[in-house]
**Q** 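Below is a structure I'd like to ask you about.
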Amino acid sequence: MASDIVFVIALMGVVSAVWGALAIPRLRRRLPKIYLIARSWWFMLAALFGCYAVAKIADRHAELLTSRYPYQWLLIGFFVLIGLRGGYEIKRIWCLPSRARLIHKLQSRGLQPSVTPTSSTDHTASATTPHYTRPTGLDGLLSIAFVALIASLIALQQLTWQREQYGVLLFVLFASQFNDIAQYLCGRLLGHRLFSRGLAPRISPNKSIEGAVFGSMCAALLASLLGVWLTGFEWWLCLLAAYGLAVSGIAGDLLESAFKRQHGIKDTGTMLAGHGGVLDRIDSLLIGVPIFTVLYWLLG
């Protein structure tokens, strides 16, 4: 069995076991947010892996099929749906009435403070104010990065399929996700023990320098092992790519955090329980994936 399919099955098994354990009533009462995160992870992975497995099987057995392209479009369609949902979340935040409804929804679920942070673009919808906020440079930067991300995911899928290096796509996606988890754990264990100042206190007060430094290092080591297994690249190349994805993941996370803070919201949505919106989940991919895709295309 191919290494990428083994990885898919193993990861789904781990997430299923964690979700099942957290579903025990006593644990669910003690760790309600972790339970929701595990549940959301299961559905996200099931959708991604389902499309990935069907597309790959169709590609490898194209001679038995009348056409392999409809199956490949499943994975492309998955990325397009992410793009449409993320674009909707950006548009909803720009629209003052929609943003007000989102803030009310977040507050009703205890996900948003009663008093939202003020900013130069924070308005309330009324007859004397515009229906949409005036776009800022930060809005434009986030929008460009998001469009580039969706285009890069589609391009990367096509490149890896053409070169029959299927595991590269999984490596890129999960190197960034490992970084999110490693930063969180290192931040909880080591946060503010070496540095009293946070990483970016005005943008994301909860992020610590220790979490960013040690989390990115741990994530790069783990992801490089995964990369050697999935891609067949040299270990040093996997380590370099994994560390680059980890560092760029921090930058993407801060970019999205600055965007949210500018508009006075905590999450871009409530679609993914425990995570927030689609933008909240893919923010660590915003910068690293487009850069990796260009380098993979030029140097591959």
**Q** For Cys238 and Ser224, work out which heavy atoms get closest and say how close.
**A**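 Closest pair (atom of Cys238, atom of Ser224, distance): CB-O, 3.7 Å.
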
**Q** I'd like to know if Lys266 pairs up with Asp280 as an ion pair, taking the criterion as any Lys NZ or Arg NE/NH1/NH2 lying under 4.0 Å from an Asp or Glu carboxylate oxygen.
**A**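 No, Lys266 and Asp280 are not salt-bridged.
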
**Q** Is there a side-chain contact between Gln177 and Ser284 in this structure, where contact means two heavy atoms from C-beta onward sitting under 4.5 Å apart?
**A**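 In contact.
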
**Q** Apply the test side chain to side chain contact (heavy atoms under 4.5 Å, CB included) to residues Lys207 and Gln183: give CA-CA distance (whole Å), side-chain angles for both, the deciding distance (0.1 Å), then the verdict.
**A** CA-CA 9 Å; Lys207 285 194 176 298; Gln183 276 193 73; 4.0 Å; yes

**Q** Who clusters with Leu225? Use side-chain heavy atoms, under 4.5 angstrom, across I, L, V, M, F, W and Y, and order the result by chain and number.
**A**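 The other cluster members (ILVMFWY side chains, heavy atoms under 4.5 Å, direct or chained): none.
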
**Q** Taking Arg28 for its side chain and Tyr35 for its backbone only, find out whether a donor-acceptor pair lies under 3.5 Å.
**A**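 Not confirmed, Arg28 side chain does not pair with Tyr35 backbone.
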
**Q** Do Val8 and Leu170 make a side-chain contact, defined as non-hydrogen atoms from C-beta onward lying under 4.5 Å apart?
**A**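 Result yes, sub-4.5 Å side-chain heavy-atom pair found.
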
**Q** Ring centres of Phe7 and Phe174 under 6.0 Å apart?
**A**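 Under 6.0 Å, so yes.
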
**Q** Taking ring-ring contact (aromatic ring centres under 6.0 Å, His included) as the definition, give me every residue that meets it alongside Tyr88, ordered by chain and number, with sequence neighbours left out.
**A**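 If we apply the ring-ring contact (aromatic ring centres under 6.0 Å, His included) test to Tyr88, skipping adjacent residues, there are no hits.
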
**Q** Please name the pair of heavy atoms, one in His263 and one in Asp139, separated by the smallest distance, quoted to 0.1 Å.
**A**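 That would be NE2-OD1, 2.9 Å.
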
**Q** Please step through side chain to side chain contact (heavy atoms under 4.5 Å, CB included) for the pair Val172 and Leu153, ending with a clear verdict.
**A** CA-CA 10 Å; Val172 172; Leu153 286 172; over 6 Å; no

**Q** Is there a side-chain hydrogen bond (donor to acceptor under 3.5 Å, both in side chains) between Ser16 and Trp42 once you walk through the steps?
**A** CA-CA 7 Å; Ser16 299; Trp42 193 94; 2.7 Å; yes

**Q** Within a strict 4.5 Å, meaning less than it, do heavy atoms of the Phe259 and Ile93 side chains meet?
**A**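 Yes, their side chains come closer than 4.5 Å.
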
**Q** Applying side chain to side chain contact (heavy atoms under 4.5 Å, CB included), run through Leu255 and Asp283 and close with a yes or a no.
**A** CA-CA 8 Å; Leu255 173 62; Asp283 55 3; over 6 Å; no

**Q** Would you say that more than 12 heavy atoms from the other residues, nucleotides or ligands in this model lie under 6.0 Å from the CE of Met12, or not?
**A**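 For Met12, atom CE is crowded (more than 12 foreign heavy atoms under 6.0 Å).
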
**Q** Using atom types as modelled and distance alone, determine if a side-chain donor or acceptor of Arg92 lies under 3.5 Å from a backbone N or O of Ser98.
**A**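 Not at all, since once roles are kept as given, no pair shorter than 3.5 Å links the two residues.
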
**Q** Does Ile76 offer a backbone N or O that forms a donor-acceptor pair with the side chain of Gln157 under 3.5 Å?
**A**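 No, Gln157 side chain to Ile76 backbone: no donor-acceptor pair under 3.5 Å.
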
**Q** State, with a plain yes or no, whether a side-chain heavy atom of Leu22 is found less than 4.5 Å away from one of Arg39.
**A**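 Leu22 vs Arg39: side chains apart.
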
**Q** Between Leu254 and Leu199, is there a side-chain heavy-atom distance shorter than 4.5 Å?
**A**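 Of all side-chain heavy-atom pairs linking Leu254 with Leu199, at least one is under 4.5 Å.
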
**Q** Atom CG of Asp180 and atom CZ of Arg281: how far apart are they, to the nearest 0.5 Å?
**A**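 Spacing of CG (Asp180) from CZ (Arg281) equals 5.0 Å.
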
**Q** Tell me if a side-chain donor or acceptor on Glu89 pairs with a main-chain N or O of Gly277 at a distance below 3.5 Å.
**A**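 Such a contact is absent between Glu89 side chain and Gly277 backbone.
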
**Q** What verdict does the ring pair (Phe, Tyr, Trp, His ring centres under 6.0 Å) test give for Tyr243 and Trp236, after you've listed the backbone C-alpha separation in whole Å, the side-chain angles of each residue and the deciding distance to 0.1 Å?
**A** CA-CA 11 Å; Tyr243 189 72; Trp236 61 269; over 10 Å; no

**Q** Of Thr231, Val228, Leu230, Leu226, which meets side-chain contact (heavy atoms from CB on, under 4.5 Å) against Ser3?
**A**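 Output: one option passes, namely Leu230.
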
**Q** So Val168 and Leu159, do their side chains get closer than 4.5 Å, heavy atoms only?
**A**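 Contact flag for Leu159/Val168 side chains = no.
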
**Q** Give a yes or no on whether Tyr184 atom OH has more than 12 heavy-atom contacts from other residues, nucleotides or ligands under 6.0 Å away.
**A**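 Incorrect, the count does not exceed 12.
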
**Q** Do the non-hydrogen side-chain atoms of Trp41 and Val18 ever get within less than 4.5 Å of each other?
**A**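 No, side chains not in contact.
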
**Q** Can you name the closest pair of heavy atoms from Leu286 and Phe146 and give their distance?
**A**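 Scanning both residues completely, I find the closest heavy atoms to be CD2-CA, 3.8 Å.
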
**Q** Any sub-3.5 Å donor-acceptor pair from Ser40's side-chain atoms to Ile37's backbone N or O?
**A**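 No; judged by distance alone, with no hydrogens or angles, the pair does not exist.
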
**Q** Would a 4.5 Å heavy-atom cut-off, applied to side chains only, mark Leu81 and Phe78 as touching?
**A**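 A side-chain contact is absent here, since even the closest heavy-atom pair is not under 4.5 Å.
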
**Q** With side-chain hydrogen bond (donor to acceptor under 3.5 Å, both in side chains) as the criterion, how do Ser176 and Asn179 come out once you've worked through the C-alpha distance, each side chain's angles and the decisive distance to 0.1 Å?
**A** CA-CA 5 Å; Ser176 299; Asn179 185 49; over 6 Å; no

**Q** Not counting sequence neighbours, which residues clear salt bridge (Lys or Arg N to Asp or Glu O under 4.0 Å) with Asp4? List them please.
**A**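 Applying salt bridge (Lys or Arg N to Asp or Glu O under 4.0 Å) to Asp4 gives Lys56.
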
**Q** Going through the distances and angles, do Val289 and Ile282 end up as a side chain to side chain contact (heavy atoms under 4.5 Å, CB included)?
**A** CA-CA 10 Å; Val289 172; Ile282 64 171; over 6 Å; no

**Q** By the definition ring-ring contact (aromatic ring centres under 6.0 Å, His included), identify the one residue from Phe79, Trp161, Tyr166 that meets it with Tyr52.
**A**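 For Tyr52, the ring-ring contact (aromatic ring centres under 6.0 Å, His included) test succeeds with only one of Phe79, Trp161, Tyr166, which is Trp161.
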
